[in-house]
Amino acid sequence: MNLATVACEQMRVLRNVLPASFYDRPPQTVARELLGKLLVHDHQGSVTAGIIVETEAYLASNDPASHSYRGRTARNGSMFGPPGRAYVYILRGYHCVNVVTEGENMASAVLIRAVEPWTGIDVMHTRRCIADLTRLTSGPGKLCQALAITCEVLDGWDLTQGQRLWLSAPETAKPLGAIAVSGRIGVPRAGELPLRFYVRSSPFLSRGPHVRFP
DNA sequence: GTTCGGATTATCT
DNA sequence: GATAATCCGAACC
């Protein structure tokens, strides 16, 4: 397989865009099934992508940790939109990216917490200003910096069109490894609900592989 | 390897 | 003025 063939295969995988029906399900289901999918950003012609290895679900109701818990505000408006849109917001100076799930106005979402660098790794290093591969995208703020995901244009973005920002399913599914579940990170409220999903063996997680809900 | 404190900034009360 | 779905580095096993 020559270089051109490899590049072609990469583009084909990147282009296998997840449809709206994928997102139109409960956030726990989407969070679990997002593991192993690709998050892709085509920013000014330079494509970066990572394999999702860690997610967190935020529920439509009865979830005090969710940004939508106290109703709609200027910031969280995208959560109330249709499934398959992005919800991008800023926390302590860092961006975080979510996908909106379930039906419109349900305001549930899945936070993408960590990815494994897959395409455009050189660009990611430049944007993050660090050499260590395992700390390149191992956190919600870090991966947004590495993929140049910001809220100005991408908050509310339609992820199902395969333009700029989208998610795709690699068909050449390499074995994912065991999926583990734990409480959500940095959310002491609302008890320790088992809403964080991650690939147990991945070196690219935001935290060590603690399993609170084996 | 893990735990802690400080930096930091948009958002909401 | 308080809060927060974070990050980084120092300190300490």
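By convention in this document, chain letters (A, B, ...) are assigned in the order of the sequence lines, proteins followed by strands, and residues within each chain are numbered from 1. Keep in mind that the numbers below use all heavy atoms, side chains included, and drop hydrogens, waters and symmetry copies.
In this structure, the nucleotide among dC12(B), dA5(C), dA10(B) sitting nearest to the side chain of Tyr87(A) is dA5(C). When each of dC7(C), dA4(C), dC12(B) is scored by its nearest atom to the side-chain atoms of Tyr94(A), the top-ranked nucleotide is dC7(C).
Taking the six-membered ring for Trp and the full ring otherwise, the centers of Tyr89(A) and His67(A) sit less than 6.0 Å from each other.
A heavy-atom distance below 4.5 Å is not found between the side chains of Tyr94(A) and Lys142(A).
Taking atom CE of Met79(A) as the reference point, atom P of dA5(C) lies 11 Å away to the nearest angstrom.
Arg200(A) places no side-chain N or O within 3.5 Å of a backbone atom of Ala180(A) that could act as its donor or acceptor partner.
For the OP1/OP2 pair of dC8(C) and a distance below 4.0 Å, the side-chain nitrogens and oxygens of Arg128(A) include at least one atom meeting the criterion. For Arg113(A), a side-chain nitrogen or oxygen approaches OP1 or OP2 of dT6(C) to under 4.0 Å.
Between the side chain of Tyr89(A) and the base of dA5(C), a donor-acceptor pair under 3.5 Å is found.
Pairing for dA5(C) is absent, judged as Watson-Crick or G-U wobble with the two contacts each under 3.5 Å. Base pairing of dT8(B) is not made with any nucleotide, judged by Watson-Crick or G-U wobble geometry with both donor-acceptor distances under 3.5 Å.
Leu147(A) and Leu35(A) end up in the same hydrophobic cluster when Ile, Leu, Val, Met, Phe, Trp and Tyr side chains are linked at under 4.5 Å.
Within 4.0 Å of Arg92(A), counting heavy atoms only, lies at least one base atom of the nucleic acid.
By the 5.5 angstrom centroid cut-off and the 30-degree plane limit, Tyr58(A) is classified as stacked against the base of dA5(C).
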